[in-house]
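Since the structure is predicted, the reported quantities are computational estimates derived from the model, not experimental observations. No hydrogens, no waters, no symmetry mates; every other heavy atom, side chains included, goes into these values.
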Amino acid sequence: MDKIYVFSINTFFHYMIMKFYTTSNNLNNVKVICYSKNSKLKDILKKDKDIEGYIFFEKSKSQNKLLKLLENKNVIISTRNFLEESDFKELYVFKDYDFVNQTLIEYAENMGKEVTLLEDGLGLYTSVYKKGLIEKENIIKRILFEYPKEKILSLGINSKVDTILATSPNSLPQEVKKDKKIKELNFNAFNLTRINKVLSYFEEVENFSLPEIDDSKITIMYISQPFSELGILTIEEESEVLNELYYFFQENKKYNFLLKPHPGEKQNKYEKFEKSENVTVYKKSYLPAELVPLSIRIDAVLHVSSSSCHYINHWYNIQVLSLYKLFFRESKDDKLLDKLREIYEAKMVGTYDELESNLKILRKTI
């Protein structure tokens, strides 16, 4: 039997990119390690006849610290054993700093196997190494609960990674590129046939048909992100902008708005939007936004800093507009703004008048 390629994934986006990569590179002998918040990924993996095997663990929800450590110890031992029993050639990860992937990376290095880090959004480009981002793990965790030797707090700086696959290799920080092989994750092979094939894996589990939308109007998809859930914005700050967006959508009934929540969001914050006749909230949030244009005509995409917009623009040639300046009016993170423009080629809109003007231009071109 040929050597096995093992992928460690955590999200639906990771699964999607894994399928693109394995089909584009003819990697037929694939096993999957999945440590995720969402059990729906297990259903998808179970139905995927193209993989040789998988192991799935749902992230611990325990509030008890000791119980959580014991659950994590079980995950560490089980995933390491799964990797050990696979006669694998190469390990692919999307994150190189959580305790599961660090365990797998350490084991792969000890076995002399290749470790490749696949791009997972903008984090790889905004990561900067500084003192304190790599530290020794707590000795009790290491000895009693099998945790890795180091605690890494930033994406892309794990020295045990051999290769990085990125869509924009030249934009990676020097700290990330140091002592690693850098290869391009190329979009040229990702044609619509392959994209449809990936959608079919999700449809094995559930039908993703969308509600009927007035096809005579221009349809704008808004891809949301879990800013309050991740503590990036307070609930009050996020609600203020969402209220503004709601009224903007209400005042522009000549457009259809398809709101695509992020899988990590609390969807009740969009209940108000459901009452609007020209807004459809797509509740099956775990379907990657990149696959939605296969089921419905999308004329433009609004987002803040979502990597989905980059893929949608490349695969379908759909215009994207970033609302970053509306959500983060006081932001001083010029580095993130620069990367949005440089890598995602994001067109920024800073006011609602500006947003309306851009949509008017779009109406004239369609």
Side-chain angles (χ1 to χ4, degrees), residues 6-11 13-14 33-37 57 59-60 65 68-69 71-80 83-84 88 90-183 185 230-232 305 307 332-336 338-339 343:
V6 177
F7 284 75
S8 176
I9 67 173
N10 310 98
T11 67
F13 173 80
H14 294 170
I33 295 169
C34 184
Y35 178 62
S36 176
K37 294 178 185 175
F57 285 95
K59 286 190 176 181
S60 175
K65 288 184 179 179
K68 189 169 186 174
L69 284 170
E71 289 176 357
N72 288 347
K73 179 180 179 179
N74 179 49
V75 173
I76 289 169
I77 293 172
S78 299
T79 53
R80 189 171 57 211
L83 189 62
E84 187 176 358
F88 72 103
E90 191 166 354
L91 172 68
Y92 290 86
V93 300
F94 288 85
K95 298 183 184 298
D96 60 351
Y97 61 92
D98 64 80
F99 73 92
V100 174
N101 284 312
Q102 278 188 248
T103 297
L104 299 175
I105 291 168
E106 279 187 12
Y107 178 81
E109 185 199 39
N110 291 338
M111 295 295 292
K113 307 290 187 177
E114 284 284 312
V115 178
T116 295
L117 176 64
L118 286 145
E119 178 180 311
D120 182 25
L122 273 177
L124 204 54
Y125 299 94
T126 56
S127 176
V128 177
Y129 176 74
K130 56 187 177 183
K131 191 175 180 181
L133 287 180
I134 299 179
E135 56 189 46
K136 291 289 184 184
E137 183 55 271
N138 179 290
I139 193 166
I140 294 174
K141 282 187 177 182
R142 287 168 55 193
I143 294 174
L144 296 182
F145 300 102
E146 307 269 347
Y147 270 63
K149 295 175 183 177
E150 293 179 329
K151 184 191 292 183
I152 299 176
L153 304 175
S154 185
L155 181 64
I157 60 173
N158 192 322
S159 62
K160 297 177 178 67
V161 169
D162 300 295
T163 302
I164 291 179
L165 281 169
T167 55
S168 302
N170 293 334
S171 299
L172 290 171
Q174 288 302 318
E175 297 91 345
V176 170
K177 293 193 285 187
K178 185 180 178 182
D179 299 325
K180 298 181 182 78
K181 291 175 279 188
I182 308 298
K183 296 180 181 178
L185 186 61
L230 294 175
I232 297 169
S305 57
S307 60
K332 296 179 181 178
D333 193 352
D334 295 332
K335 184 177 180 183
L336 180 56
D338 290 343
K339 292 298 180 184
I343 299 162

Item to check | Spatial distance of atom CG (Leu83) from atom CG (Leu91) [nearest 0.5 Å] | outcome: 6.0 Å
Item to check | All ring pair (Phe, Tyr, Trp, His ring centres under 6.0 Å) counterparts of Tyr97, not counting sequence neighbours | outcome: none
Item to check | Minimum-distance pair of heavy atoms, taken over all atoms of Gly121 and Ser307 | outcome: CA-CB, 3.8 Å
Checklist entry - Looking at Pro173 and Leu124, what are the two nearest heavy atoms and their distance? => result CD-O, 3.5 Å
Checklist entry - Which pairs with one or both residues in residues 155-176 pass ring pair (Phe, Tyr, Trp, His ring centres under 6.0 Å), sequence neighbours excluded? => result none
Checklist entry - Rounded to the nearest 0.5 Å, how far apart are CD1 of Ile143 and CD of Glu137? => result 11.5 Å
Checklist entry - Restricting to pairs with a member in residues 101-120, which pass ring pair (Phe, Tyr, Trp, His ring centres under 6.0 Å), not counting sequence neighbours? => result none
Checklist entry - Residues in salt bridge (charged side-chain N to carboxylate O under 4.0 Å, His left out) with Glu150, at least two apart? => result Lys160
Next on the checklist: What's the separation between atom CD1 in Ile152 and atom CD1 in Ile105, rounded to the nearest 0.5 Å?
Outcome noted: 7.0 Å
Item to check | Any residue meeting side chain to side chain contact (heavy atoms under 4.5 Å, CB included) with Ile76, in chain and number order, not counting sequence neighbours | outcome: Arg80, Phe99, Thr103, Glu146, Tyr147
Checklist outcome for this item: Here the ring pair (Phe, Tyr, Trp, His ring centres under 6.0 Å) pairs for residues 150-176, sequence neighbours left out, are none
Checklist entry - Do Asn101 and Tyr35 come close enough that some side-chain heavy atom pair is under 4.5 Å? => result no
Item to check | For Ile182, side chain to side chain contact (heavy atoms under 4.5 Å, CB included) partners two or more places apart | outcome: Ile164, Pro169, Leu172, Lys177, Lys180
Next on the checklist: So, using side-chain hydrogen bond (donor to acceptor under 3.5 Å, both in side chains) as the criterion, who are the partners of Asn158 when residues are at least two apart?
Outcome noted: none
Item to check | Results of side-chain hydrogen bond (donor to acceptor under 3.5 Å, both in side chains) for Asp120 - residues two or more places apart only | outcome: His14, Lys95
Item to check | Inter-residue atom distance Asp98.CG - Leu153.CG, 0.5 Å rounding | outcome: 12.0 Å
Item to check | Geometric class of the Tyr92/Phe7 ring pair [parallel <30°, tilted 30-60°, perpendicular >60°] | outcome: parallel
Next on the checklist: Please enumerate all residues that pass side-chain hydrogen bond (donor to acceptor under 3.5 Å, both in side chains) together with Thr163, with sequence neighbours excluded.
Outcome noted: none
Checklist outcome for this item: In terms of heavy-atom contacts, Leu155 and Gly123 come closest through CD2-C, 3.8 Å
Next on the checklist: According to side-chain hydrogen bond (donor to acceptor under 3.5 Å, both in side chains), who are the partners of Asn138, at least two apart in sequence or on a separate chain?
Outcome noted: none
Please list, one pair per line, the donor and acceptor atoms closer than 3.5 Å that link side chains of residues 110-119 to other protein atoms, with sequence neighbours excluded.
unit_1	atom_1	unit_2	atom_2	d
Asn110	ND2	Glu106	O	3.2
Lys113	NZ	Phe88	O	3.1
Glu114	OE1	Lys181	NZ	3.4
Thr116	OG1	Glu90	OE2	2.5
Glu119	OE1	Tyr125	OH	2.5
Glu119	OE1	Thr167	N	2.6
Glu119	OE1	Thr167	OG1	2.9
Glu119	OE2	Thr167	OG1	3.0

Checklist entry - Less than 4.5 Å apart, any side-chain heavy atom of Asp179 and any of Ser159? => result no
